[in-house]
Amino acid sequence: MSLRLSILKTLSLTALFVLGSFQLNLVSAQATNDQTGSRERANHVQNPLAVSVETATETNRRAASPEAVAEARKLYKEGVKYVRAGLFTQAAEVFRRSVELKPDYADAYQALGDAYFEMGQWEESIQSLRHVLALNPRDKKARGRMEQAQLKMQRVTGGIENATQQPAGLQVSNPAQLPPAVSTTPAAVTKDASANEMGPTRIYLVGPGDVLAVQIDLRLDVNHDVQMRDPASPPLTLFTVTPSGLLEHPILTDPLPVVGLTVDEISARLEDALKRRALADKPKVSVEVRDYVSHAILVSGLVKEPGTKILKREGIPLYVVVADAQPLPEAGRVSLVRNKSNEVYAIDLGQPTAMNLLVHAGDVITLQANPAQFFYVAGEVKAPGEKTFRTGLTLTQAIIAAGGLTGKPKEARLARDDGKGFLVVSRYKLKDIDSGKLPDPSIQPGDRITIVD
């Protein structure tokens, strides 16, 4: 099977196994509209790792095989990549498989607890973090995160969390969505960090049409005329960012420009406005994106799931977009048109590094079949002539495609266009390639191969 078909098969399997049951950081625009009516449902599922600390400790004593340990560490690294892309649902699935292979993997349990926390699944986060504390009772990071999750759980039982909870299947897109009274971990985005200091896969800049959920907790001194609100249940209100990029909150004297800001930056500016108006001494404001609208892309061509998609980050790797759209077997390349800069990228699906290219709002992505490309073989082979090229082809494979050798030739001459109309000839001793003394050289479209004595 060719390298291109293998990669396509891998992408398809990934879409079926991982993306088929979880929502990506990009969702279809229609699905976003359909889910509006169910925004207030809690997002809790049974955690397969939910066991007592005593049971966890006993489980963690089991020794994993070297093969299982190696695979667990590989999965952990894969999960970290998903976290960096903001794909917490996929990350949680990978971390879960990692700890199943290596039950004493504290780092994977910690990462799993953090991923559940970012998705708003507080109970599952607590259970995972208990495994970390069972392994290391002095782990301050795990204990601090678990205390945050427990505070969130208390809000759920008090009936407040249902008003702000992401619907089932959607991911919390930004650590700024934590309640005002809870501080985030050092790894999370803070109000002191500007958008320029964070990678595009970790932030979201608000745009026109986005729906924001705003919570304001006014903490006033006793001499203030306005009655202090109950800090345990700050009100939450939804606001749609206007086409001109403004947040029109009734507590403000003038609309607040919010386009191009993170939710942390919007929170900070609202707090500053409240302080300037002397409405509160210590106002606490929490802002989250409830409906993502502004960051649209278009996917078309040889895919099972074409259409408009909505990004929930400033940038998403191209391979994630392609996998989510489920490429057809005949797809071999992807064209990405970046309207903002008029740039056009043509990428072979068999080039993993190139598929890391980040997709941004406004991009148009089209999957296409690879155009027919050829190479040519002459000399002492059984079937000389024009042969179909495929990505990853080597000199030895090209000779096999030409029917194999006739006689006992000693040398292969490979002529390649240097891009200026001239042929550059390289010579290879066949016995050196067969013995492993020389690497098997790669073939490119248009190469001329001549087998001689």
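Model, not experiment: these values are computed from the prediction.
Contact check for K410 versus K431: no side-chain heavy atoms found under the 4.5 Å cut-off. By the 4.5 Å heavy-atom criterion applied to side chains, I443 and L395 are counted as neighbours. Inter-residue side-chain proximity for D453 and P409 is flagged as met; some heavy-atom pair is nearer than 4.5 Å. Side-chain contact between R333 and P371 is present, with at least one heavy-atom pair separated by less than 4.5 Å.
Heavy atoms of other residues, nucleotides or ligands lying less than 6.0 angstrom from NZ of K387 number more than 12.
Identified under the side-chain hydrogen bond (donor to acceptor under 3.5 Å, both in side chains) test for residues 356-369, with sequence neighbours left out: S300-T366, R338-D363.
The distance from the CG atom of D210 to the CG atom of D291 is 8.5 Å, given to the nearest 0.5 Å. Note that CG of L205 and NE2 of H295 are 5.5 Å apart. Values are rounded to the nearest 0.5 Å.
With hydrogens and angles disregarded, a donor-acceptor distance shorter than 3.5 Å links the side chain of N339 to the backbone of G362. Without hydrogens or angle criteria, H131 side chain to P103 main chain gives no donor-acceptor distance under 3.5 Å. Between the side chain of E380 and the main chain of I451, no donor-acceptor pair closer than 3.5 Å is present.
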*CA sep, side-chain torsions, deciding dist, call: S294, Y204, side chain to side chain donor-acceptor pair (under 3.5 Å)*: CA-CA 10 Å; S294 61; Y204 181 85; 3.1 Å; yes

*Please lay out, stage by stage, how L212 and V289 fare under the test side chain to side chain contact (heavy atoms under 4.5 Å, CB included).*
CA-CA 5 Å; L212 304 181; V289 181; 3.9 Å; yes

*Could you go step by step and tell me if E123 and I126 meet the side chain to side chain contact (heavy atoms under 4.5 Å, CB included) rule?*
CA-CA 5 Å; E123 187 174 349; I126 292 169; 5.7 Å; no

*Using the side chain to side chain contact (heavy atoms under 4.5 Å, CB included) rule, take E71 and K102 through it: C-alpha gap first, then chi angles, then the decisive distance, then the call.*
CA-CA 9 Å; E71 181 65 17; K102 190 176 186 297; over 6 Å; no

*Stepwise side chain to side chain contact (heavy atoms under 4.5 Å, CB included) test for V83 and D114*: CA-CA 10 Å; V83 169; D114 289 341; over 6 Å; no

*asked:* For D418 and R416: C-alpha separation, side-chain torsions, deciding distance, then whether salt bridge (charged side-chain N to carboxylate O under 4.0 Å, His left out) applies.
replied: CA-CA 6 Å; D418 66 354; R416 179 172 296 164; over 6 Å; no

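Across every non-hydrogen atom of P317 and T201, the tightest pair is CD-CG2, 4.5 Å. Between T394 and Q397 the shortest heavy-atom distance is N-OE1, 3.0 Å. Contact detail for D348 and G332: the closest heavy-atom pair is OD1-O, 3.4 Å. Of all heavy-atom pairs spanning W122 and F117, the tightest one is CZ3-O, 3.0 Å. Heavy atoms only, all atoms of each residue included: S442 and L414 are closest at O-CD1, 4.5 Å. The two atoms that bring A106 and V132 nearest to each other are O-CG2, 3.8 Å, heavy atoms only.
The ring pair (Phe, Tyr, Trp, His ring centres under 6.0 Å) test with F95 is passed by exactly one of Y76, Y116, Y105: Y76. With E93 as the fixed residue, the side-chain hydrogen bond (donor to acceptor under 3.5 Å, both in side chains) test singles out one of R97, R96, Q90: R96.
With sequence neighbours excluded, no residue forms a salt bridge (Lys or Arg N to Asp or Glu O under 4.0 Å) with R143.
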